[in-house]
Amino acid sequence: MSSQWKATERKVAKLIEGERYPANQGGRVDCKSDKYVVQVKERKSLSLEQLTQLVEEIESIGKSKGKQGLVAVKVRRGSGRHSPILIVMSEDAWLEYVMKRSSK
């Protein structure tokens, strides 16, 4: 079971067309690509306040690297019980993303 979070991190790295940092080598960043830095969390529970703090932190890290910061979160339901990966960003980051896409 302990390697399940690694598999989730690998899947997220693939989603952003990037790579996963091995065990804490990326600090607070679990995956990175040319455009994104991502913190991945797989938990049974995560409060909205905790999620908001994670988003604020990773977006700050992303800005310092010239990238978009994202949080990928997945609820751990137990063996054989699937749950989707959720990609989370702030309203400001979403608006910036939409504006960049509409100007292309």
Quiz item: Heavy-atom distance under 4.5 Å between the side chains of Leu54 and Arg28, does that happen here?
Solution: yes

Atom [atom1] of [X] and atom [atom2] of [Y]: how far apart are they, to the nearest 0.5 Å?
{"X": "Glu9", "Y": "Tyr21", "atom1": "CD", "atom2": "OH", "answer": "12.0 Å"}
{"X": "Arg76", "Y": "Leu46", "atom1": "CZ", "atom2": "CG", "answer": "11.5 Å"}
{"X": "Lys14", "Y": "Ser33", "atom1": "NZ", "atom2": "OG", "answer": "15.0 Å"}

Practice problem: Not counting sequence neighbours, list each pair that qualifies as a ring-ring contact (aromatic ring centres under 6.0 Å, His included) and has a residue in residues 58-95. | Solution: Trp94-Tyr97

Quiz item: So which pairs with a foot in residues 59-69 pass salt bridge (charged side-chain N to carboxylate O under 4.0 Å, His left out), sequence neighbours left out?
Solution: none

Quiz item: Considering residues at least two apart in sequence or located in another chain, which fulfil the salt bridge (charged side-chain N to carboxylate O under 4.0 Å, His left out) criterion with Glu56?
Solution: none

Exercise. Test Ile58 against every option in Val38, Val29, Leu70 by the side chain to side chain contact (heavy atoms under 4.5 Å, CB included) rule and name the one that passes.
Key: Val29

List the residues meeting side chain to side chain contact (heavy atoms under 4.5 Å, CB included) with [X], not counting sequence neighbours, and say none if there are none.
{"X": "Ser47", "answer": "Glu49, Gln50"}
{"X": "Arg77", "answer": "Val75, Arg81, Ser83"}
{"X": "Ile85", "answer": "Thr8, Lys11, Val12, Ala72, Lys74, Ile87"}

Quiz item: Does Arg20 reach the main-chain N or O of Arg10 with its side chain, forming a donor-acceptor pair under 3.5 Å?
Solution: no

